[in-house]
Amino acid sequence: MLGGAATAVMMTFNLVCTGTVTTTSYNDRKSAPYNYVYRIDLSKSRWCDGECKSINEVASVQPASITLKDKKEDGPFSKSSTRNVINRETGEHSILHVRRLSATPFSMEWQGTCTPSPFTGFPDFKTKF
């Protein structure tokens, strides 16, 4: 059986994810490369990305996947959904963001792969209040 320190290391890690993001709007489609670094602490169910200006709650952890975000918003004039999933077996990364403002659809789809790297921790926020 693994000791506490070894288990803690497996529960905290960074993921470096790269791939292509495709943006589709009314009659336009564009693709561009992306590169994200996620900092993940599964023991606290927390994650952040980039400069980590906000710490988020992990939506779901399953043996084969981590869902960082799974959010739907249904307003009077717009509807949107965002789902961010990382396959723990293959490293496949996918994000789908769809928004419908009135009758105009808009979507962004990220497809890539993630590789683990050492956990760099969450920043300490220095605030006035």
Side-chain angles (χ1 to χ4, degrees):
M1 180 158 188
L2 295 174
T7 301
V9 169
M10 292 187 295
M11 297 296 285
T12 58
F13 49 89
N14 284 10
L15 289 177
V16 178
C17 304
T18 59
T20 303
V21 57
T22 303
T23 303
T24 306
S25 58
Y26 182 66
N27 60 359
D28 189 32
R29 184 177 174 100
K30 296 178 183 173
S31 293
Y34 77 88
N35 183 347
Y36 291 150
V37 176
Y38 294 110
R39 302 179 200 188
I40 300 173
D41 184 339
L42 294 179
S43 65
K44 295 180 180 175
S45 193
R46 300 279 186 239
W47 69 277
C48 68
D49 67 342
E51 295 180 11
C52 289
K53 296 291 184 180
S54 65
I55 309 296
N56 307 287
E57 188 170 335
V58 173
S60 172
V61 177
Q62 299 298 321
S65 67
I66 299 171
T67 302
L68 296 179
K69 187 173 192 176
D70 191 4
K71 186 176 182 179
K72 293 181 181 180
E73 295 179 2
D74 195 5
F77 302 106
S78 69
K79 295 180 182 185
S80 70
S81 65
T82 304
R83 184 168 168 83
N84 184 342
V85 180
I86 301 158
N87 184 307
R88 298 178 82 180
E89 298 172 322
T90 65
E92 180 183 345
H93 180 229
S94 63
I95 306 172
L96 179 60
H97 172 74
V98 178
R99 184 186 76 210
R100 182 179 279 297
L101 182 61
S102 297
T104 307
F106 171 83
S107 69
M108 294 179 76
E109 185 172 6
W110 292 257
Q111 291 292 322
T113 56
C114 299
T115 55
S117 65
F119 185 58
T120 55
F122 297 123
D124 289 327
F125 295 101
K126 294 178 180 35
T127 60
K128 291 184 180 184
F129 50 90

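Starting from 1, each residue takes its place in the sequence as its number.
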Assess whether side-chain hydrogen bond (donor to acceptor under 3.5 Å, both in side chains) is satisfied between Ser107 and Glu109, documenting all intermediate values.
CA-CA 7 Å; Ser107 69; Glu109 185 172 6; over 6 Å; no

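- Arg39 places a side-chain N or O within donor-acceptor distance of the main-chain N or O of Gly121, the cut-off being under 3.5 Å.
- Note: the hydrophobic cluster containing Val58 does not contain Val85 (ILVMFWY, side chain heavy atoms under 4.5 Å, direct or indirect links).
- In this structure, OG in Ser81 is found 7.5 Å from NE2 in His97, a value given to the nearest 0.5 Å.
- Across every non-hydrogen atom of Ser94 and Gln111, the tightest pair is CB-NE2, 3.4 Å.
- With respect to Asp74 and Lys72, no salt bridge is recorded, no charged nitrogen being found less than 4.0 Å from a carboxylate O.
- A search for salt bridge (Lys or Arg N to Asp or Glu O under 4.0 Å) contacts involving Arg88 returns nothing, not counting sequence neighbours.
- Note that the OG atom of Ser45 and the CD1 atom of Ile66 stand 10.0 Å from one another [nearest 0.5 Å].
- Leu68 and Phe13 fall within a single hydrophobic cluster, where Ile, Leu, Val, Met, Phe, Trp and Tyr are joined by side-chain heavy atoms under 4.5 Å apart, directly or via other members.
- Connectivity analysis of hydrophobic side chains (ILVMFWY, heavy atoms under 4.5 Å, direct or indirect) links Leu96 to Val98.
- Checking Ser60 against Gln62 by side-chain atom types alone, a donor-acceptor pair falls below 3.5 Å.
- Applying the side-chain hydrogen bond (donor to acceptor under 3.5 Å, both in side chains) test between Asn84 and each of Tyr38, Trp47, Tyr36 identifies Tyr38 as the sole match.
- Counting heavy atoms from C-beta on, the side chains of Met11 and Phe119 never come closer than 4.5 Å.
- Closest heavy-atom contact between Asn56 and Cys48: ND2-CA, 4.2 Å.
- Taking the charged nitrogens against the carboxylate oxygens, Arg46 and Glu57 do have a contact shorter than 4.0 Å, which makes a salt bridge.
- Residues Ile95 and Met108 are not in side-chain contact: their nearest non-hydrogen atoms beyond the backbone lie 4.5 Å or more apart.
- Between Asn87 and Ser65, every side-chain heavy-atom pair lies at or beyond the 4.5 Å cut-off.
- No donor-acceptor distance shorter than 3.5 angstrom exists from the side chain of Asn14 to the backbone of Val37, with no hydrogens or angles considered.
- The two residues Ser31 and Thr20 come nearest to each other via the heavy atoms CB-CG2, 3.9 Å.
- Residue Val21 comes nearest to Tyr34 through the heavy atom pair N-CD2, 3.8 Å, listed as atom of the first residue, atom of the second, then distance.
- Residues Val16 and Ile40 fall into different hydrophobic clusters, defined by Ile, Leu, Val, Met, Phe, Trp and Tyr side chains chained together at heavy-atom separations under 4.5 Å.
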